[in-house]
Protein chains: 2
Amino acid sequence: MAEVTLKDVALASGCSIATVSRVLAGTRPVGAETARTVRAAAEALGYRPNHVARALRSRSTGTVGLVLPQITNPFFPSLVRELEHALHAADRAVLLADCDDDPVTEAARINALLARRVDALLLIPVDERRSREAVATAAARVPLVLLDRGCGPGVADSVAVDNVAGMALVLDHLAATGRRRPCFIGAAGTASAAAERRAAYEAGAAALDPGAPGRVALGDFSVEWGRAAVDRLWPSRPDAVVCANDLIAAGALQRLRQLGADVPGEVAVTGFDDIPLAGLADPALTTVRQPLAELAAEAARLLARSPAAGPPAARRAVRLAPELVVRASSAGPGARAGEAS
Amino acid sequence: MAEVTLKDVALASGCSIATVSRVLAGTRPVGAETARTVRAAAEALGYRPNHVARALRSRSTGTVGLVLPQITNPFFPSLVRELEHALHAADRAVLLADCDDDPVTEAARINALLARRVDALLLIPVDERRSREAVATAAARVPLVLLDRGCGPGVADSVAVDNVAGMALVLDHLAATGRRRPCFIGAAGTASAAAERRAAYEAGAAALDPGAPGRVALGDFSVEWGRAAVDRLWPSRPDAVVCANDLIAAGALQRLRQLGADVPGEVAVTGFDDIPLAGLADPALTTVRQPLAELAAEAARLLARSPAAGPPAARRAVRLAPELVVRASSAGPGARAGEAS
DNA sequence: ATGAGGGCGGCAAACGTTATCACCGCTCAC
DNA sequence: GTGAGCGGTGATAACGTTTGCCGCCCTCAT
């Protein structure tokens with residue numbers, strides 16, 4: 001039951017510790033015969049390498065920290081899943097940290113992870129501005145990749161969905177299905193997702209109808225705000241409600257139904273992110289799906305880069321193309337509610 | 001920028017490495033004057049202890065593995081959040097592993113975590129039977145606490161909600177609001193949550209109405225099954241549909257509405273777990289809330305115990321009391337749909 | 001005065017690996 | 001025939017801590 005170490009295997013296979021290490025780690029070529037003997041001995045003794053010792057010596061823990069604002073935000077679990085799988089495939093373990101949507105605990109968690117000597121950090125910043133300092137200092141110590149949301153220019157590498165393209169998909173779809181009077185429920189603040197989606201809507205809607213690009217209401221990314229915004233926007237009778245994410249859309253949908261509006265007959269509703277809830281809403285929500293697996297793969301790839309790599313200008317910002325998922329909530333204006341599905 | 005170690009601090013403060021270690025770790029009493037000097041030096045140099053070296057020497061990484069079936073299951077994120085917080089409060093980092101609902105990858109992840117020398121394992125087993133072996137061997141190596149679901153008797157300590165009590169709360173509530181012809185949509189299989197909730201329903205319903213304890217349909221814990229089960233059960237016109245979890249209930253609700261049933265006027269629907277979706281459903285779902293924070297705290301507490309602690313008989317199985325959350329989906333039979341809220 | 005005891009502090013040995021260096025024996029080319 | 005080159009191997013020094021043990025000095029009781 002005692003822990004079997006390299007020394008034991010060396011003893012049992014009649015060669016030196018160094019050789020055993022080389023065989024097992026494959027660091028350097030080693031004689032075929034010796035290799036076989038060593039492997040047999042290791043197997044027989046049930047040797048399991050000690051990652052801690054390895055980490056101490058090689059100065060690399062094979063561990064990456066994953067820091068996110070709130071795991072309970074329904075958009076994150078799917079992303080976390082993809083990240084976990086991508087990283088595990090690269091033999092890296094994931095140290096999870098939940099920030100409670102608070103920049104202060106975020107900084108604390110980052111430090112805790114750094115103290116644990118993570119090889120790299122994957123981070124979804126809580127706030128564009130208030131996360132910046134902690135992120136910047138962390139980025140100076142380990143490779144760091146920003147996910148989903150940005151954090152100011154040149155702070156670190158980042159990978160996210162192309163919000164502008166996504167919003168364009170939505171507007172094109174609405175235009176193609178005959179909607180002419182859209183409005184937008186978005187989120188205030190400078191967070192990249194909020195700002196980009198908002199700007200993209202305004203640009204796209206203006207192109208759609210130069211005369212009246214539709215009203216815009218700004219709150220936060222929540223169901224409650226979706227409900228409240230509908231109360232504000234519905235009186236002007238838009239024929240499409242474009243929402244900055246699925247939570248807002250879920251709230252909007254709920255309130256519209258309570259108000260007796262016919263979705264999608266009278267008004268279409270669209271979301272963004274394609275969280276699991278989107279397919280379950282009634283009517284099912286048309287939305288923009290993020291390429292989660294690709295985002296994760298790209299993030300994992302970026303992580304391989306060196307820590308203080310070059311000047312800030314050298315930061316990369318990867319943007320991946322989203323996909324439109326058309327569901328019942330945006331069926332043609334003539335359609336009656338519930339007709340789809 | 002080079003890493004500052006105990007040696008540097010020792011040099012700067014004019015005492016030995018051992019003393020510095022003792023001051024910083026508080027292992028043994030040390031002179032007040034010396035302590036101050038050391039602390040000042042450490043502060044000045046920006047010393048940050050190396051957890052890896054510490055782990056190697058002290059044979060404890062301060063890390064626990066969290067293994068779960070599928071982070072995308074909407075019940076888990078809230079639980080993960082509580083666990084992360086509870087563990088962080090105890091200065092332990094969380095290594096996350098997602099099993100894709102597959103016992104084989106589950107075993108692989110457990111081994112990977114063990115190789116990383118986690119101090120303990122927190123595990124939500126994928127399957128009552130097929131997870132058993134991997135769990136048992138893991139439990140022999142480190143303290144292991146089973147969460148939410150059991151895994152056979154005496155395999156490891158476990159902490160979960162009291163499913164029987166929860167189901168009783170639901171049935172009492174339904175009886176009190178005049179429902180007399182309940183039915184149950186549950187999950188097949190031996191998983192503890194499925195089996196316990198099913199058994200509890202049967203016992204409770206039989207007590208409610210000895211003549212006809214209501215029909216039971218068994219599938220899995222999914223929205224799709226909820227929809228399908230309603231098709232099977234609705235023809236017999238129950239006045240309450242008791243679901244084994246919220247996903248099933250969401251599906252049932254959706255299908256019932258499609259069929260034109262009046263919820264809750266004609267038929268009440270209840271769920272279990274109180275996932276975020278429950279409050280968003282329409283009508284909002286009456287359900288049983290799990291005491292997540294308490295579950296997490298209890299799990300963290302149990303983790304402190306020793307590894308191969310005593311005979312299997314000594315395993316503890318903590319059960320915590322749930323809470324009934326009454327929402328619109330089970331308002332009195334006389335109520336019209338949408339009247340609540 | 002002297003021995004016992006206790007509070008502090010230092011030395012050095014682990015912990016289990018990987019990395020550096022040297023060495024050995026062989027082949028090949030000159 | 002000898003030196004260079006090279007694949008394979010072994011000693012051994014790190015990596016940064018914690019910790020057991022010893023020794024110092026000061027105090028107090030005898």
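What you see is a predicted model, and the numbers here were worked out from it, not measured in a lab. Basis for what follows: all heavy atoms, side chains included, without hydrogens, waters or symmetry-related copies. So you know, we letter chains A, B, ... as the sequences are listed, proteins then strands, and number each from 1.
- Judged by distance alone, the side chain of B/Arg81 and the main-chain N or O of A/Thr72 form no donor-acceptor pair under 3.5 Å.
- Without hydrogens or angle criteria, A/Asp157 side chain to A/Val145 main chain gives no donor-acceptor distance under 3.5 Å.
- Atom CG in B/Leu24 sits about 9 Å away from atom P in D/dT17, given to the nearest Å.
- Following rounding to the nearest Å, B/Leu6 (CG) and D/dC15 (P) show an atom-to-atom distance of 13 Å.
- Between B/Arg117 and B/Gly14, the residue anchored nearer the 5' end of DNA chain C, judged by the nucleotide with its closest heavy atom, is B/Gly14.
- Between B/Thr27 and D/dT18 there is no side-chain polar atom (N or O) within less than 4.0 angstrom of OP1 or OP2.
- Listed nucleotides D/dA11, D/dC21, D/dT17 differ in distance to B/Ile17; the shortest reach to its side chain belongs to D/dT17.
- The side chain of A/Ser16 places an N or O atom within less than 4.0 Å of a non-bridging phosphate oxygen (OP1 or OP2) of D/dG10.
- Side-chain nitrogen and oxygen atoms of B/Thr34 include at least one within less than 4.0 Å of the OP1 or OP2 phosphate oxygen of C/dG9.
- Per the geometry, CD belonging to B/Glu3 stands 12 Å off P belonging to D/dC15, to the nearest Å.
- Of the listed nucleotides (D/dG16, C/dT18, D/dG8), D/dG16 has the atom at the smallest distance from the side chain of B/Leu56.
- For C/dA19, the base has no donor-acceptor partner in the side chain of A/Arg57 [N/O atoms by modelled type, under 3.5 angstrom].
- Using a distance-only test at 3.5 Å, with no hydrogens or angles considered, a donor-acceptor pair links the side chain of B/Ser16 to the main chain of B/Thr19.
- At least one side-chain nitrogen or oxygen of A/Arg59 sits closer than 4.0 Å to the OP1 or OP2 atom of D/dG16.
- Across C/dG16, D/dG20, D/dT18, the shortest atom-to-atom separation from the side chain of A/Asn50 is found for C/dG16.
- On a pure distance criterion of 3.5 Å, no polar donor-acceptor pair joins the side chain of A/Arg28 and the base of C/dT18.
- Side-chain nitrogen and oxygen atoms of B/Arg54 include at least one within less than 4.0 Å of the OP1 or OP2 phosphate oxygen of D/dT18.
- Rounded to whole Å, the distance from NZ on A/Lys7 to C1' on C/dA13 is 12 Å.
- With hydrogens and angles left out, the side chain of B/Arg48 and the base of D/dG16 share no donor-acceptor pair within 3.5 Å.
- Considering only side-chain atoms of A/Ser58, the nucleotide from D/dT17, C/dT18, C/dT17 that sits closest is C/dT18.
- Residue A/Thr5 is classed as a sugar-phosphate contact, given heavy-atom separations below 4.0 Å to backbone atoms only.
- Here C/dG7 presents its P atom at 14 Å from CZ of B/Arg22, a figure rounded to the nearest Å.
- Between the side chains of B/Thr190 and B/Glu128, no donor-acceptor pair of N or O atoms lies under 3.5 Å.
- Counting only heavy atoms from C-beta outward, the side chains of B/Glu84 and A/Arg109 approach each other to under 4.5 Å.
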